[in-house]
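Below is one structure; the comments refer to it alone.
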Amino acid sequence: MPALHRLTPALRRLRAPTTLRPLFHPSTTRSFHISPRASEEKASPTTTASSADHAPQEGPDRAQSKIKYTADSYPDLKRDSRFKKVTKEDVEHFRSILGSSEAAILDGVTNETGEEDFESYNSDWMRKYRGQCKLVLKPETTEQVSKVLKYCNEQMLAVVPQGGNSGLVGGSVPVFDEIIINLSRMNQVRSFDDVSGVLVAESGVILQQADEHVGKQSHIFPLDLGAKGTCQIGANVATNAGGLRLLRYGSMHGNILGLECVLPDGTIMDDLSKLRKNNTGYDLKQLFIGGEGTIGIITAISILCPQRSNAVNVAYFGLESYEKVMEAFKEAKKQLGEILSAFELMDAASQSLYHKASGAKLPLEEAHPFYCLIETSGSNTEHDSEKLNAFLEHVMSEEIVSDGVVAESETQLQSLWACREGISEAGQHWGGVYKYDLSIPLPELYTLVEDARAMFEGNGLMSAEDESFPVVDVVGYGHMGDSNLHLNVAVRRYDKAVEKALEPWVYEWVAKRSGSISAEHGLGIAKKAYIGYSRSETMIKLMKQVKGLFDPNGIMNPYKYI
């Protein structure tokens, strides 16, 4: 395939891609749309980025009966003796609040309900965590949530708020017999103003449905995840989900204008402001964004949705060093500015792994140590194309980029994005993958991958060919725009020796660079013990004081977070 600098003036030419074998389950993937181009193709304009790193893709095939109880996997965790066990009388009280239909209550306390009926609630998508809940409550209104929590607080019944249950750190499943409060029935869009772009919706609205709703009026939900077909927007806020649109649209902390929450004692905190400016006291909603349901339950959100882009372009190119990647990123920010919506990094190992697992042909004929995928989204196709062409010509002429291609059709666009999105699923091709989602200052971001690979080469645990070795390879990829690295260690089988080599080594490495051990997925139970690597003793103490203030009885999502 010819290099970009040889494509002038036909810069956007791309050989028809090889058909990709899909790595994702059809129900959880999304179609990609592009703007009308010179060929007069018509499609719904949208940002195309969605991330397999935030999704249920094709979930690990492990039967519920084979998943160890979380309580057994974490023997140091003991059930809090303050918490009461659910009784028949409790169930009857909840029926008086929610009704007796199966849609409102899944009861394994008074009914002979099998474990399989609770499987999707008691276990996480990764099939790593498994609770022992026997009662799932599905309120339909904020008032019902209030009554349920008030009773639970008075009776010392522990609860776990749950959305689409697509998290990766065990934050949305019980540890012991906590009651699950599932918000799937609170799924109404309350209002949308197409002038201000403010959406008010209940927590149980599916992310994809929220995006489609505002899309009908040429707006876009500022978050995009590979799990958008199943995750719920309230849980997205509770975990401060990031995704690939963060570079363009910012984080939940900036886009959320207001929240409606129910506190543990049943108090309804009505702060569904639609204002972008409201400087009247403490901004309490920020405590619930990323709070993982530990101080209350988010029942509705007010969020700013930007105007949907009319023109989308995607380019994929190869580079010879991580230093060149940083140079390309600087130039992209300088020359593409307001239309730059994604800048993704992939190393050679990640692309090789994707190629081997999927059988897909990579876009570039020659191999390169690093690859980048950029996306632009704007309002003027001709203007955006000129800016993108000028950028590509510059980085080629300065020998920052070695080779590359630009998508000319929706099929080509999907093929390029698949090279990025397919990495996460490809890592599980040999048996499993250890995933770390980290924030690291850009100058040292990729050094972690190099150090991890060197560690496994030196400790006798890694071989690409010899199946007696547990580790196949170490790969790195992520979002340059927000210094977010996905470190994946692809393994043939899960092995305690690998785990001991990685933890706490990874967290110590990140802490020395003043990074974060959790860039996007939160703490849950998986990273609770390691919070000290990213937060000082003072910060942890203050967090515990906040928890104690809002939830003095400790009933909200216990055993996790802090």
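- Gln351 contributes no side-chain N or O that, together with a main-chain N or O of Met346, makes up a donor-acceptor pair within less than 3.5 Å.
- Between Tyr316 and Gln412 the shortest side-chain heavy-atom distance does not fall below 4.5 Å.
- Note that CD1 of Ile297 and OG of Ser203 are 9.0 Å apart. Values are rounded to the nearest 0.5 Å.
- Considering all non-hydrogen atoms of both residues, Gly171 and Asn557 come closest at O-ND2, 3.0 Å.
- The minimum heavy-atom distance between Val145 and Pro139, with the atom names listed, is CG2-CG, 3.5 Å.
- In this structure, CG on Leu448 lies 4.5 Å from CD1 on Ile440, to the nearest 0.5 angstrom.
- The shortest distance between side-chain heavy atoms of Lys356 and Leu353 does not fall below 4.5 Å.
- Note: Tyr371 and Tyr477 fail the aromatic proximity criterion, with ring centroids not under 6.0 Å apart.
- Counting all heavy atoms, side chain and backbone alike, Ala328 lies closest to Phe317 at CB-CE1, 4.5 Å.
- Environment of CD in Glu366: sparse, with no more than 12 heavy atoms of neighbouring residues, nucleotides or ligands closer than 6.0 Å.
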Quiz item: Where do Val510 and Tyr436 land on the side chain to side chain contact (heavy atoms under 4.5 Å, CB included) test, with the steps shown first?
Solution: CA-CA 11 Å; Val510 171; Tyr436 294 89; over 6 Å; no
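- Using a 3.5 Å distance cut-off with no hydrogens or angles, the side chains of Tyr559 and Glu178 do not pair a donor with an acceptor.
- Between Lys324 and Phe370 there is no side-chain heavy-atom pair separated by less than 4.5 Å.
- Note that SG of Cys372 and CD of Glu344 are 9.0 Å apart. Values are rounded to the nearest 0.5 Å.
- Between the Lys547 side chain and the Thr294 main chain, a donor and an acceptor come within less than 3.5 Å of each other.
- Residue Glu102 places its CD atom among 12 or fewer non-hydrogen atoms of other residues, nucleotides or ligands, all under 6.0 Å distant.
- When all heavy atoms of Val433 and Gly427 are compared, the closest pair comes out as CB-O, 3.8 Å.
- Remark: the backbone N or O of Asp437 is not paired with any side-chain donor or acceptor of His486 at under 3.5 angstrom.
- Taking 4.5 Å as the limit, some side-chain heavy atom of Arg79 sits within range of a side-chain heavy atom of Lys85.
- Judged by distance alone, the side chains of Ser73 and Lys128 never bring a donor and an acceptor atom under 3.5 Å apart.
- When side chains are defined from C-beta on, Leu523 does not count as touching Lys560, because their heavy atoms never get closer than 4.5 Å.
- Salt bridge annotation for Arg130-Asp72: absent, with no cationic side-chain nitrogen under 4.0 angstrom from a carboxylate oxygen.
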Self-check item: Trace of the side chain to side chain contact (heavy atoms under 4.5 Å, CB included) decision for Lys544 with Lys541
Solution: CA-CA 5 Å; Lys544 289 181 177 179; Lys541 180 180 179 181; 5.8 Å; no
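- The nearest pair of heavy atoms linking Phe176 to Leu77 is CZ-O, 3.6 Å.
- The shortest distance between side-chain heavy atoms of Glu115 and Lys134 falls below 4.5 Å.
- For the atom pair CD1 (Ile105) and CG (Leu135), the distance works out to 6.5 Å, reported to the nearest 0.5 Å.
- A side-chain N or O of Ser172 and one of Asn165 form a donor-acceptor pair less than 3.5 Å apart.
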Exercise. Go through the steps to decide whether Asp347 and Tyr446 satisfy the test side chain to side chain donor-acceptor pair (under 3.5 Å), and finish with yes or no.
Key: CA-CA 9 Å; Asp347 65 7; Tyr446 192 75; 2.7 Å; yes
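- Under a 3.5 Å cut-off, the side chain of Asp551 and the backbone N or O of Met556 do form a donor-acceptor pair.
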Self-check item: Derivation of the side chain to side chain contact (heavy atoms under 4.5 Å, CB included) call for Gln162 and Val173
Solution: CA-CA 7 Å; Gln162 189 177 88; Val173 292; 4.3 Å; yes
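- Judged purely by atom type and a 3.5 angstrom limit, Arg513 uses its side chain to pair as donor or acceptor with the backbone of Trp509.
- In this structure, the side chain of Ser123 engages the main chain of Glu119 through a donor-acceptor pair within 3.5 Å.
- Taking CZ from Phe469 and CG from Asn459, the interatomic distance works out to 10.0 Å, rounded to the nearest 0.5 Å.
- Between Asp403 and Glu365 there is no side-chain heavy-atom pair separated by less than 4.5 Å.
- Between the side chain of Gln132 and the backbone N or O of Pro174, no donor-acceptor pair lies under 3.5 Å.
- Atoms CG and OG, from Leu106 and Ser120 in turn, are 8.5 Å apart once rounded to the nearest 0.5 Å.
- Put simply, the side chain of Asn255 gets close to the backbone of Tyr249: a donor and an acceptor are under 3.5 Å apart.
- Of the charged side-chain nitrogens involved, none lies within less than 4.0 Å of a carboxylate oxygen, so that Glu444 and Lys512 do not count as a salt-bridged pair.
- Under the 30°/60° scheme for interplanar angles, the aromatic rings of Tyr74 and Tyr129 are found to lie parallel.
- With salt bridges taken as basic N to acidic carboxylate O contacts below 4.0 Å, none links Arg453 and Glu450.
- Here the side chains of Glu520 and Thr239 are not in contact, with every heavy-atom distance at 4.5 Å or above.
- The closest donor-acceptor contact from the side chain of Asn236 to the backbone of Cys231 lies at 3.5 Å or more, if one exists at all.
- Residue Glu212 places its CD atom among more than 12 non-hydrogen atoms of other residues, nucleotides or ligands, all under 6.0 Å distant.
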Exercise. Show your reasoning for whether side chain to side chain contact (heavy atoms under 4.5 Å, CB included) applies to Cys152 and Ile179.
Key: CA-CA 9 Å; Cys152 289; Ile179 297 170; 4.3 Å; yes
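- Between Thr230 and Ile206 the shortest heavy-atom distance is O-CD1, 3.5 Å.
- In this structure, the side chain of Asn484 does not engage the main chain of Gly478 through any donor-acceptor pair within 3.5 Å.
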